[in-house]
Amino acid sequence: VAPTYYTRHDVKIVLSHLYKIALFDNLIEQNRAAFIQLPEKSETEKETFTDAEIDLIWSDYHKNKSHISMALIIMIYTGMRPVELRQLCLDNCDLAHQFALCGAK
């Protein structure tokens, strides 16, 4: 799998910082990272669950009380990522008003 735009962009930033340090220390005469050309950014549409899939998840939750189904439902309706859901603690939840304070963004 070829590296994405963002991977290459991050590498260019790291190299640029290293070249700046080397320039400052008079180890080199030029920042060659400036010559790195990045590929075009290609925006892909994110796949979402269909209404039928969400209904199946709800059905599984009501039938089995599955923790996986519960986690999927929370992530679908809140936009939380798995790591954000794992970091969620009860102290940050207001069940009476049905909201939680969480997330990286």
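All values reported here derive from a predicted model rather than from experimental measurement. Note: hydrogens, waters and symmetry copies are ignored here, and every other heavy atom, side chains too, is used.
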Just checking His67: does its NE2 atom have more than 12 heavy atoms from other residues, nucleotides or ligands closer to it than 6.0 angstrom?
no

For the CG atom of Leu23 and the CG atom of Leu18, what is their distance to the nearest 0.5 Å?
11.0 Å

Under the criterion side-chain contact (heavy atoms from CB on, under 4.5 Å), I'd like the reasoning laid out for Ser69 against Asn64: C-alpha separation, chi angles, the key distance, then a yes or no.
CA-CA 9 Å; Ser69 297; Asn64 302 313; over 6 Å; no

Any side-chain heavy atom of Thr78 sitting closer than 4.5 Å to one from Glu84?
no

With side-chain contact (heavy atoms from CB on, under 4.5 Å) as the criterion, how do Leu15 and Arg32 come out once you've worked through the C-alpha distance, each side chain's angles and the decisive distance to 0.1 Å?
CA-CA 9 Å; Leu15 288 174; Arg32 293 185 182 268; over 6 Å; no

Taking Leu95's backbone N and O only, do any of them form a donor-acceptor pair with Gln98's side chain (distance below 3.5 Å, no angle check)?
no

If only atom types and distance count, is the side chain of Lys12 paired as donor or acceptor with the main-chain N or O of Leu38 below 3.5 Å?
no

Say you draw a straight line from CD of Glu47 to OG1 of Thr50; how long is it, rounded to the nearest 0.5 Å?
11.0 Å

Geometric class of the His97/Phe99 ring pair [parallel <30°, tilted 30-60°, perpendicular >60°]:
tilted

Quick check for you: to the nearest 0.5 Å, what is the distance between Ile21 atom CD1 and Asn31 atom CG?
11.0 Å

Are Lys65 and Tyr61 in a cation-pi contact, defined as NZ or CZ under 6.0 Å from the six-membered ring centre and within 45° of the axis?
yes

Locate the shortest heavy-atom distance separating Cys93 from Cys89; write the atom from each residue and the value.
SG-O, 3.6 Å

Check whether Asp25 reaches the backbone of Leu27 with its side chain - one donor and one acceptor, N or O, closer than 3.5 Å.
no

Within the 4.5 Å heavy-atom criterion, are Leu72 and Met75 side-chain neighbours or not?
yes

Could you state the interatomic distance from CG (Asp60) to CG (Asp55), rounded to the nearest 0.5 Å?
12.5 Å

What's the separation between atom CZ in Arg8 and atom NZ in Lys41, rounded to the nearest 0.5 Å?
15.0 Å

Neighbour count above 12 (heavy atom, 6.0 Å) for Ile68 CD1:
no

Could you measure the distance from the CD1 atom of Ile74 to the CG atom of Leu88? Nearest 0.5 Å is fine.
7.5 Å

Are side-chain heavy atoms of Gln30 and Tyr19 found at a separation under 4.5 Å?
no

Do the side chains of Tyr77 and Ile54 get nearer than 4.5 Å, heavy atoms only?
yes

Out of the candidates Ile73, Ile57, Leu56, only one should pair with Phe49 under the side-chain contact (heavy atoms from CB on, under 4.5 Å) rule; please name it.
Ile57

